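So the structure is just underneath, and the comments pick up after that.
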There are 2 protein chains.
Amino acid sequence: MNDLAKALGANIRAKRKESGISQDALALECGLDRSYMGRIERGEVNITIEKLYKIAAQLNCSAGTLLP
Amino acid sequence: MNDLAKALGANIRAKRKESGISQDALALECGLDRSYMGRIERGEVNITIEKLYKIAAQLNCSAGTLLP
DNA sequence: TATAACCACGGATTATAATCCGTATTTTTT
DNA sequence: AAAAAATACGGATTATAATCCGTGGTTATA
């Protein structure tokens, strides 16, 4: 999508790997679609603040730390 | 909308007042609609991270500092 | 007290975020 | 090497973010 989305996606992916879970598992916990989680990590989409907070909550970090 | 949007809107409003500009002026600088800027500050909408960054840039602060 | 600048609020439309499938490929495990 | 798990990727649809334009009310300024 753009540099912002790509950097954010990379941060989310890194944090997810740290916690040792799959994309599908994280998507399920966040209550969002598995294919969409893939697009987020690849930086193909421009997510809303609400989704950012849901993801941060499941990754046990603040929303701010996920931002580039 | 919800507590998150309201808190974010309040933060944006506070930062905007600090810089002493109007909603309309900020909206114009960010390249987004004036009525939408009002809804953001009132916490009526769920904005995307792209918009968050545009607003932060014009308010001379990081996107993270605008988050609740 | 006018006049103007600023903000709240709304309805209708357009753009796009997010979902719901599916399948092919890659990576990991046995 | 085979099986299983994880990821990439895509098309079609639905939900909603964002725009466009208008009006009424409230607060500063002349």
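Excluded from the calculations below are hydrogen atoms, water molecules and symmetry mates; all remaining heavy atoms, backbone and side chain alike, are included. Chain A is the first sequence line, chain B the second, and so forth, proteins listed ahead of strands; every chain is numbered from 1. Computed from a prediction, not measured in an experiment: that's the story for all the values here.
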field: Polar side-chain contact A/Arg42-D/dG10 base: donor and acceptor under 3.5 Å
entry: no
- request: Return the 5'-most residue of the pair B/Ile21, A/Ile47 with respect to DNA chain C, ranking by each residue's nearest nucleotide.
  value: B/Ile21
- request: State which of C/dC9, C/dC21, D/dA18 makes the closest approach to the side chain of B/Lys51.
  value: D/dA18
message: Determine whether a donor-acceptor pair (one donor, one acceptor, N or O, separation below 3.5 Å) exists between the side chain of B/Ser35 and the base of D/dC21.
response: yes
field: Which residue lies more 5' along DNA chain C, comparing B/Glu50 with B/Asp33 via nearest heavy atoms
entry: B/Asp33
query: Step by step, would you call B/Ser19 with B/Leu59 a side-chain contact (heavy atoms from CB on, under 4.5 Å)?
result: CA-CA 7 Å; B/Ser19 62; B/Leu59 292 177; 4.0 Å; yes
task: Give one of base, sugar-phosphate or nothing for B/Asn46, where a contact means two heavy atoms less than 4.0 Å apart.
output: sugar-phosphate
message: In this structure, how many angstroms lie between the C1' atom of D/dC9 and the CE atom of A/Met37, rounded?
response: 16 Å
query: To the nearest Å, how far apart are B/Glu44 CD and C/dC9 P?
result: 7 Å
task: Specify the separation, in whole Å, of atom CD1 of A/Ile55 and atom C1' of C/dA17.
output: 13 Å
field: Shortest non-hydrogen contact from B/Leu66 toward B/Ile55
entry: CD1-CG2, 4.3 Å
message: Rounded to whole Å, please give me the gap between CZ in A/Arg34 and C1' in C/dA24.
response: 13 Å
query: Quick one: do the A/Asp24 and A/Ser22 side chains pair a donor with an acceptor below 3.5 Å?
result: no
message: Strictly below 4.0 Å: does B/Arg13 bring a side-chain N or O up to OP1 or OP2 of C/dA8?
response: yes
query: Among D/dG22, C/dT19, D/dT7, which is the nearest nucleotide to the side chain of A/Tyr36?
result: C/dT19
query: Between D/dA5 and A/Gln23, is there an OP1 or OP2 to side-chain N/O distance shorter than 4.0 Å?
result: no
- prompt: In whole angstroms, how far is the P atom of C/dT19 from the NZ atom of A/Lys54?
  reply: 8 Å
field: Nearest-Å distance for atom pair CG/P, residues B/Leu4 and D/dA17
entry: 12 Å
- prompt: Does the pair B/Arg16 and B/Glu41 meet the rule for a salt bridge (charged side-chain N to carboxylate O under 4.0 Å, His left out), with working shown?
  reply: CA-CA 10 Å; B/Arg16 174 178 63 80; B/Glu41 290 191 357; 2.6 Å; yes
field: Contact check, side chains of B/Leu28 and B/Leu26, non-hydrogen atoms, under 4.5 Å
entry: no
field: Whole-Å gap separating P (D/dT27) and NZ (B/Lys17)
entry: 11 Å
For atom CD1 of B/Ile49 and atom P of D/dA17, their distance in whole Å: 15 Å
- prompt: Are B/Arg16 and C/dC7 close enough that a side-chain N or O sits under 4.0 Å from OP1 or OP2?
  reply: yes
message: Quick check on D/dA18: is either OP1 or OP2 less than 4.0 Å from any side-chain nitrogen or oxygen of B/Thr48?
response: yes
